[in-house]
*Asks:* 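Take this structure first; my questions come after.
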Amino acid sequence: MVKLFVDDKEIEVTDGSTVMQACEKIGAEIPRFCFHERLSIAGNCRMCLVEVEGSPKPVASCAMPAVEGMKVITKSDKVKTAREGVMEFLLINHPLDCPICDQGGECDLQDQALFYGRGKTRFVEDKRAVDNKPFGPLIKTIMNRCIHCTRCVRFMDEIAGVHDLGAIGRGEDMEIISNSPKGLGGELSGNIIDLCPVGALTSAPYAFKARPWELKKTNSIDIFDGLGSAIEIGSKDGQVLRVLPRLNEDINEEWLADKSRFAIDGLSNQRLDSPYKRDLKGKLVACSWEEAFKVLAENFKGLKSEEIAALVGDQACLESIVSLKDLMTEFNVTNIDCRPLLSSLPTDTKNRSGWLFNPTISGIEKADSLLIIGSQPRYEAALLDARIRKSWIANGLKIARIGGGDNASYPIEELGNNVNVIEHIYKNKHSYNKILDKSNKPLFLIGENLLNRKDGEGILGRIREIAKKYNSFSDKWNGLAILHSSASRVGALEVGFVPGNKGFNTKDIIDGVASNHIKLLWLLGVDDINLNKKPNTFVVYQGHHGDKGAEIADLILPGSAYTEKDATYLNTEGRVQRTNAAVSPPGDAKEDWKIIRAFSAFVDKVLPYDNISELRKRLANINKLLVIENSLIKGSVTDIGDTSTKLAKNLITPKNINYFMTCPISRASETMAKCSIAKSSLAAK
């Protein structure tokens with residue numbers, strides 16, 4: 001520990017702390033532009049100047065290490081004059097764009113000019129002009145405003161691992177440039193908008209739409225992947241205009257993936273705002289809720305329970321899943337499933353360690369070796385990928401991969417894509433066993449696609465035994481990490497939306513539709529399914545977008561998107577999370593659980609809850625933790641998988657993902673379409 005004095009107050013800080021950290025520990029406010037807690041120190045802006053006894057001139061507190069006995073002054077006339085001078089220099093070339101700048105109201109330069117500026121300038125020379133740079137369809141650049149803090153450069157280099165930005169020139173001639181004419185690479189580039197302390201980098205899709213004080217701000221979570229990143233939804237006049245990250249050290253820290261941030265324009269495109277039924281000519285026509293329920297009730301009549309089935313999609317909330325399960329129970333239907341085709345995910349909550357990201361997302365930083373099997377975290381969970389890179393930089397994490405995939409932002413030892421590699425590691429006959437021998441906390445990251453194989457249970461069983469052997473499947477450290485790319489999967493498994501006694505799984509249901517054994521199929525937000533539907537099979541689709549599921553439906557029940565409902569989700573690590581309604585659903589669309597509850601009353605099978613509070617009591621009956629926000633549902637280390645299952649000869653491959661178009665919302669987004677085109681053109685080169 002180091003003892004020093006700040007404004008005559010004694011303070012003790014850890015070794016390696018900076019003067020800025022010492023000052024802030026006693027509550028002294030230190031202005032800054034270039035410094036950021038999660039980035040390397042640059043010392044560019046000089047705004048954080050303080051006076052140190054014995055130093056002939058003010059020092060940059062962000063770059064000065066705290067030394068035993070040091071005496072620091074933060075409020076002297078010398079410090080005030082120095083900061084005023086720095087601000088005066090920063091404003092020499094800064095344009096007077098405040099009235100038309102999207103950063104207005106959230107601008108660090110505005111705030112600090114007010115509190116630390118002189119209020120006038122001695123410079124009357126012409127301001128310089130800088131060409132705007134091509135940062136792609138997501139980021140609008142007005143480089144005249146840039147103050148050369150280099151936060152954007154450091155973020156892309158250090159956090160995102162994409163080396164597309166840099167600086168050329170010196171002094172007044174310095175410019176931030178991109179070496180990518182089609183836009184910045186990676187899936188995290190939008191974060192440099194938040195980092196930019198001025199209006200040089202702003203959101204292109206959000207340009208000129210609203211001022212920050214006009215927005216209604218709602219705390220919620222993201223559902224575009226399985227992580228459940230904390231977000232703030234900004235809405236105006238019933239429309240979602242922007243999404244920003246919120247701080248959550250357990251999941252996303254303070255970052256947000258590009259799709260989660262920019263796909264929101266898809267919320268207003270191709271929306272289902274009225275029930276639709278298919279007429280005698282085979283066309284979908286709008287109808288009332290009463291007509292829709294009447295058609296649905298007529299199709300339920302005369303059917304045996306084994307002729308009815310229900311499937312759950314990737315963005316369904318717990319409330320709607322439980323409601324649909326309860327409705328199916330009223331009809332004695334056991335043909336229900338939430339798992340993908342051929343999935344070998346376990347269905348018993350005693351074996352929930354077979355579907356959870358057991359070490360937790362932040363637990364990646366505790367691991368000293370990582371084996372990625374059949375997954376591409378870069379596309380399946382971009383912020384998890386950033387966490388892996390962070391651990392590699394900070395802890396020297398050793399990373400290997402089975403199954404291949406695109407380039408990552410960290411070095412990977414490729415072990416091939418043959419399933420026999422797992423067999424060889426299992427039998428201690430592979431070179432990777434030497435790394436596991438030296439590892440204290442190995443982590444095995446398993447892509448969900450790996451379990452969507454006929455031999456998935458055999459693969460899971462072998463990985464479990466490997467983990468056991470290297471003390472990675474115990475109460476002290478469970479390094480078995482199943483990475484889900486959907487927001488609903490873990491929650492649906494937790495509440496038991498899986499086949500009941502003699503019930504069909506997803507494959508059997510799809511085959512049953514093709515063979516006409518299934519006469520009625522209820523799709524709750526299912527949009528990635530290929531059905532060979534027979535003419536007399538009735539398909540009801542409940543969802544919020546006119547996507548793939550709606551195309552094959554005979555009846556459409558318009559639901560609400562994640563920004564339009566108070567709902568519960570479980571992320572890939574089993575953490576209970578909540579969305580909060582920021583806007584209302586369009587037209588006649590309703591919250592999904594309310595639709596199911598209303599239909600149950602229509603057919604005299606009334607479900608025992610009339611409001612969200614009563615429904616959440618039903619969730620608590622399943623698991624009391626489901627109603628405690630941010631609680632973590634953990635799995636025990638019971639045996640999962642089956643080592644006796646023979647492994648197939650087909651190669652291990654990660655899920656084929658177009659990152660920018662993975663769900664109905666992102667597929668309806670014009671912004672995501674532009675990103676997808678830009679990425680395709682870059683890949684072609």
Side-chain angles (χ1 to χ4, degrees), residues 223-228 257 259 311-316 321 337-347 351-361 364 370-385 388 401-406 417 419 422 443-464 467 478-494 497-498 505-507 525-529 569-575 635 640-642 645 647-648 650-659 662-663:
I223 51 81
F224 283 96
D225 56 30
L227 299 189
K259 180 170 56 179
L311 294 172
V312 161
D314 290 347
Q315 295 182 350
I321 294 170
D337 208 352
C338 63
R339 299 168 298 170
L341 194 69
L342 300 177
S343 175
S344 55
L345 287 167
T347 59
N351 297 322
R352 65 165 66 93
S353 59
W355 70 62
L356 289 177
F357 200 96
N358 294 289
T360 71
I361 295 165
I364 289 174
L370 170 62
L371 179 60
I372 301 172
I373 312 165
S375 177
Q376 288 196 90
R378 173 182 172 183
Y379 302 135
E380 295 169 29
L383 289 167
L384 183 80
D385 198 58
I388 294 172
R401 181 166 67 181
I402 302 173
D406 287 359
N417 56 2
V419 73
I422 296 174
L443 194 153
F444 302 86
L445 196 159
I446 303 168
E448 191 181 21
N449 204 46
L450 186 73
L451 304 179
N452 297 343
R453 297 167 45 119
K454 291 181 179 179
D455 60 348
E457 200 168 354
I459 293 175
L460 184 60
R462 285 163 175 79
I463 296 172
R464 177 248 300 166
N478 188 340
L480 212 61
I482 313 296
L483 178 58
H484 295 277
S485 56
S486 80
S488 68
R489 190 87 67 237
V490 171
L493 288 166
E494 183 63 34
F497 201 93
V498 292
N505 61 20
T506 301
K507 181 181 182 303
V526 180
D527 285 282
D528 294 296
I529 188 172
Y569 289 85
L570 259 65
N571 76 347
T572 191
E573 61 183 354
R575 190 176 301 277
I640 52 176
D642 182 11
T645 301
L647 300 186
N650 47 323
L651 301 177
I652 293 174
T653 55
K655 192 174 182 180
N656 185 21
I657 294 177
N658 175 0
Y659 170 76
T662 55
C663 67

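This chain uses plain numbering: 1 for the first residue, then up along the sequence. Model, not experiment: these values are computed from the prediction.
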*Asks:* To the nearest 0.5 Å, what is the distance between CD1 (Ile373) and CG (Asn417)?
*Replies:*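 Those atoms lie 13.5 Å apart.
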*Asks:* Would you call Asn452 and Leu341 a side-chain contact if the rule is heavy atoms closer than 4.5 Å?
*Replies:*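 When only atoms from C-beta onward are counted, Leu341 and Asn452 do not touch, as no gap falls below 4.5 Å.
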*Asks:* What heavy-atom pair brings Trp355 and Glu494 nearest, and what distance separates the two atoms?
*Replies:*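 For Trp355 and Glu494, the tightest heavy-atom pair comes out as CZ2-OE1, 3.9 Å.
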*Asks:* Quick one: CG on Leu450 to OG1 on Thr653, what's the gap to the nearest 0.5 Å?
*Replies:*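 Between atom CG of Leu450 and atom OG1 of Thr653 there are 9.0 Å.
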*Asks:* For Leu345 and Gly354, which heavy atoms make the closest approach, and how far apart are they?
*Replies:*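 Of all heavy-atom pairs spanning Leu345 and Gly354, the closest is CD2-O, 3.6 Å.
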*Asks:* Enter the distance from Ile422:CD1 to Leu371:CG here, rounded to the nearest 0.5 Å.
*Replies:*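 CG of Leu371 is found 8.0 Å from CD1 of Ile422.
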*Asks:* Of all the heavy-atom pairs spanning Ser375 and Glu380, show the shortest one and how long it is.
*Replies:*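 In terms of heavy atoms, the two residues are closest at OG-OE1, 3.1 Å.
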*Asks:* Applying side chain to side chain contact (heavy atoms under 4.5 Å, CB included) to Tyr569 and Val490, what does each step give before you reach the verdict?
*Replies:* CA-CA 8 Å; Tyr569 289 85; Val490 171; over 6 Å; no
*Asks:* May I ask you to test the Ile482-Leu460 pair for a side-chain heavy-atom distance under 4.5 Å?
*Replies:*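 A side-chain contact exists here, since the closest heavy-atom pair is under 4.5 Å.
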*Asks:* With distance as the sole test, does Thr645 use its side chain to make a donor-acceptor pair with the main-chain N or O of Asp455 at under 3.5 Å?
*Replies:*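 No; judged by distance alone, with no hydrogens or angles, the pair does not exist.
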*Asks:* Testing the basics here: between Pro377 and Asp385, what is the closest heavy-atom pair and its distance to 0.1 Å?
*Replies:*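 Heavy atoms only, the tightest pair is CB-OD1, 3.7 Å.
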*Asks:* With a 3.5 Å distance limit and no angle check, can you tell me whether Arg489 reaches the backbone of Cys338 through a side-chain donor-acceptor pair?
*Replies:*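 Yes.
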*Asks:* Any non-hydrogen side-chain atom of Asp406 less than 4.5 Å from a side-chain atom of Gln376?
*Replies:*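 The answer is yes, as the side chains (C-beta and beyond) meet within the 4.5 Å cut-off.
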*Asks:* Using only heavy-atom distances, determine whether the side chains of Ser353 and Asn358 contain a donor-acceptor pair under 3.5 Å.
*Replies:*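 Judged by distance alone, the side chains do not pair up.
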*Asks:* Does the side chain of Arg462 come within less than 4.5 Å of Leu647's, by heavy atoms?
*Replies:*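 Counting from C-beta outward, Leu647 and Arg462 do come under 4.5 Å.
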*Asks:* Ser485 versus Asp225: any side-chain heavy-atom pair under 4.5 Å?
*Replies:*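 A side-chain contact is absent here, since even the closest heavy-atom pair is not under 4.5 Å.
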*Asks:* Distance from Leu384 atom CG to Ile364 atom CD1, nearest 0.5 Å?
*Replies:*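 Those atoms lie 4.0 Å apart.
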*Asks:* In Å, rounded to the nearest 0.5 Å, how long is the span from CG of Asn650 to CZ of Arg453?
*Replies:*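 These two atoms lie 4.0 Å from each other.
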*Asks:* Counting only N and O atoms by type, is there a donor-acceptor contact under 3.5 Å from the side chain of Asp314 to the main-chain atoms of Ser486?
*Replies:*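 Checking the backbone N and O of Ser486 against the side chain of Asp314, no donor-acceptor pair under 3.5 Å is found.
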*Asks:* For Ser488 and Val312, which heavy atoms make the closest approach, and how far apart are they?
*Replies:*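 Nearest heavy atoms, Ser488 then Val312: OG-CG1, 4.3 Å.
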*Asks:* Knowing that exactly one of Ile459, Ile372, Ile463 qualifies, which makes a side-chain contact (heavy atoms from CB on, under 4.5 Å) with Ile446?
*Replies:*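 The option that passes is Ile463.
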*Asks:* Where the side chain of Glu457 meets the backbone of Ser344, is there a donor-acceptor pair that is under 3.5 Å apart?
*Replies:*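 A pair under 3.5 Å: no.
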*Asks:* So how far is it from Lys259 NZ to Asn658 CG, rounded to the nearest 0.5 Å?
*Replies:*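 Reported to 0.5 Å precision, the distance equals 8.5 Å.
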*Asks:* Do Thr347 and Arg339 have side chains that get closer than 4.5 Å, going by heavy atoms?
*Replies:*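 The answer is yes; the side chains approach within 4.5 Å.
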*Asks:* Do Gln315 side-chain atoms and Gly525 backbone N/O form a donor-acceptor pair below 3.5 Å?
*Replies:*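 A pair under 3.5 Å: no.
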*Asks:* If I compare all heavy atoms of Ala481 with all of Leu443, which pair ends up nearest, and what's the gap?
*Replies:*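 Heavy atoms of Ala481 and Leu443 come nearest at CB-CD2, 4.0 Å.
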